[in-house]
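Heads up: the structure comes next, in structure tokens.
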Amino acid sequence: MPDKTYKRHDRSDIFIHWFNAACWLLLLLTGVGLIQNPAVDPFGSGYPAWLRSVVGGGGNLLAIHEGIGLAWIAGFVLYLLVNFRGARFFLAEVFSVSPARDMGWMLKKMVLMTLGPKALKAAGVDPDLPDQGYYNMGQKAFAQASVVGGVVIAVTGVIMYLSDRTFGAEATGMVGWAVAVHFISVGLVFAGLLVHVYMAAVSPDERPGFKSMFTGVVPGGYARHHHRLWWEKVSTEPEQGSEE
Amino acid sequence: MAQQLAMVIDAAKCIDCKGCVAACKVANNVPEGQFRNWIKHAEYRAVPGISDNGVRFQPGACMHCENPTCVAACPTGATYKDFDTGEVVIDASLCIGCGNCIPACPYHARYRNEVTRKADKCNYCPERRAAGLQPACVDTCPTKARVFGDINDPTSAAGALFLKNKERLTRVTAKTNTLPNMYYLGDPGPGDWGGEAVVPASMVAMQESAPFIKGIVALSGLGVLAMLGRQLFAGSGSDHKEDTDA
């Protein structure tokens with residue numbers, strides 16, 4: 001049957017997603033290189049030492065990290081100016097959780113993806129997933145972590161940036177905590193990012209969702225199967241769909 | 001053997017003129033009210049009629065320790081031990097002035113420079129050394145109480161003094177023994193003023209949480225590998241009803 005497509009993302013949404021992805025990658029690579037203390041550094045001191053020699057010293061690496069961080073924040077400010085409604089819609093969708101439906105989805109999905117449906121059947125659980133809305137609970141969980149973590153990372157980053165520009169000695173307690181919280185938040189968001197990248201780019205189930213991060217639209221079959229509650233809403237609004 | 005730059009100080013020669021303190025401030029643009037070095041005094045009470053030779057002066061500064069607790073407290077390696085020269089160095093371009101290293105020095109040798117807003121301390125005047133001069137405090141000392149150089153080099157003034165008096169040199173004793181590379185000849189007076197290295201709670205939290213963060217990332221990575229393994233070996237189409245639905 002000719003499949004209808006449904007619009008999911010504006011061009012500004014697509015831009016901010018990939019802009020964010022590029023910034024995160026660069027910030028992660030440069031940021032991990034800034035941690036050089038045997039009690040903390042994630043991959044040992046070899047990586048920071050190597051990266052510092054590549055960019056011509058730790059000072060340069062810090063300047064690069066700060067520059068990308070500020071550009072990242074500026075990108076989000078720009079996005080909010082261009083598509084505030086889109087951001088509000090995203091936040092409203094991401095933070096609306098229906099405990100019974102979504103927790104069931106999350107637990108079942110984790111078993112399905114790792115052990116398969118037989119494991120659920122063996123435990124006497126129906127392997128069918130509860131219907132999901134615009135985002136499924138996995139997407140919502142990672143988006144929530146990204147939004148909260150992103151704000152914390154940005155705020156602590158700005159505090160560190162201002163430490164040797166504006167703040168006096170009395171602010172060092174706050175700056176010290178900013179360093180620690182920045183590190184912990186990035187670690188937690190990165191753990192979620194691994195799953196996000198797998199689900200989006202590697203898992204074949206989500207291929208249409210991945211494509212929509214370039215085209216902005218998803219096929220109706222995908223929408224009906226993966227986001228039935230949203231599909232039911234938009235498929236009754238004829239102006240939302242388009243014949244392909 | 002690698003170098004170990006150090007000061008060997010003949011405490012008996014110090015007359016508390018404060019020349020070293022002033023020369024250091026001038027040479028290093030140390031802001032008013034802040035200092036990179038000091039002269040400590042013995043507690044001395046004059047008792048009439050009793051001759052007392054108890055006045056002791058103890059010149060000091062960053063001791064470029066063997067086991068620098070300030071280095072362990074720095075998250076970025078902006079402060080580090082240069083193993084070629086034995087110096088404890090601050091890379092000002094990398095330091096953001098988080099302040100972690102300041103209470104981590106049991107000798108209070110570090111401060112947050114209120115102009116640069118970064119950690120600061122004695123660095124043995126690298127600009128002067130590059131010009132073939134001694135550090136400002138050493139150069140200016142009228143009695144030559146401060147002797148500076150590589151204590152592993154027997155031909156240097158500091159090395160010769162160090163080797164000759166090795167058995168009777170003393171160090172400042174702190175609650176946290178960091179093996180300071182500042183040695184005193186003669187009775188240097190106050191010996192136990194060194195405090196305890198305090199690593200700020202935020203740095204402790206970062207160190208303590210690091211294994212958990214790595215664990216969570218590893219767990220997530222394992223989950224991804226399990227999903228990938230299932231995708232590759234079991235396929236993912238069997239439980240997927242999209243095709244029949246669409």
Side-chain angles (χ1 to χ4, degrees), chain A residues 1 3 34-42 45 48 57-63 110 112-117 127 160-161 163-169 171-173 175-181 183-184 187-188 190-192 194-195 197-199 202-205 219-222 224-226, chain B residues 71-78 80 91-100 102 111-114 116-118 200-210 212-231 234-243 245-246:
Chain A
M1 107 187 195
D3 204 357
L34 284 171
I35 310 167
Q36 192 169 47
N37 181 309
V40 190
D41 41 17
S45 297
N60 287 349
L61 186 62
L62 176 64
M110 286 201 280
L112 282 175
M113 293 298 289
T114 52
L115 302 171
M160 287 188 278
Y161 177 76
S163 173
D164 56 341
R165 288 173 172 81
T166 308
F167 296 150
T172 52
V175 176
W177 277 109
V179 175
V181 171
F183 167 78
I184 293 167
L188 294 178
F190 178 66
L194 288 177
V195 178
V197 169
Y198 170 80
M199 295 300 284
V202 184
S203 165
D205 293 5
Y222 170 84
R224 180 163 66 161
H225 177 62
H226 288 260
Chain B
V71 168
C74 177
T76 66
Y80 60 95
D91 178 349
S93 67
L94 186 55
C95 175
I96 59 163
C98 76
N100 277 3
I102 291 165
Y111 64 100
R112 192 180 193 268
N113 185 305
E114 62 187 35
T116 64
R117 302 174 203 272
K118 294 168 192 286
S202 56
M203 185 61 191
V204 175
M206 192 169 166
Q207 288 170 344
E208 301 274 312
S209 66
F212 291 101
I213 297 291
K214 288 176 196 175
I216 289 166
V217 170
L219 205 63
S220 168
L222 278 176
V224 167
L225 284 178
M227 291 192 284
L228 186 66
R230 190 177 151 70
Q231 176 187 331
S236 61
S238 56
D239 59 305
H240 209 248
K241 57 183 182 177
E242 184 177 333
D243 292 341
D245 249 19

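Each chain gets a letter, A, B and so on, in the order the sequences are listed, and its residues count up from 1.
In this structure A:Asp164 satisfies the salt bridge (charged side-chain N to carboxylate O under 4.0 Å, His left out) test together with B:Lys118, sequence neighbours excluded. Every residue was checked against the side chain to side chain donor-acceptor pair (under 3.5 Å) condition with B:Thr116, not counting sequence neighbours, and none meets it.
Using a 4.5 Å cut-off between heavy atoms, B:Leu94 contacts chain A through both its backbone and its side chain. For B:Gln207, the parts lying near chain A are the backbone and the side chain together; criterion is any non-hydrogen pair under 4.5 Å. At a 4.5 Å heavy-atom cutoff, A:Met110 makes no contact with chain B through either its backbone or its side chain. Looking at A:Leu61, there are no atoms closer than 4.5 Å to chain B (heavy atoms on both sides), in backbone or side chain. B:Leu225 does not touch chain A: none of its heavy atoms, backbone or side chain, sits under 4.5 Å away. Contact of A:Thr166 with chain B is made through the backbone alone, with heavy-atom distances under 4.5 Å.
Formation of a donor-acceptor pair under 3.5 Å by the B:Arg117 side chain with backbone atoms of A:Ser163 is not found in this model.
Across all their heavy atoms, B:Met206 and A:Val40 have their closest contact at CE-CG1, 3.7 Å.
Listed options B:Ala210, B:Cys95, B:Ala226, B:Cys98 were ranked by heavy-atom pairs under 4.5 angstrom with chain A; first place goes to B:Cys98. With chain A as partner, the option from B:Val204, B:Leu219, B:Leu228, B:Asp91 having the largest number of non-hydrogen pairs under 4.5 angstrom is B:Leu228.
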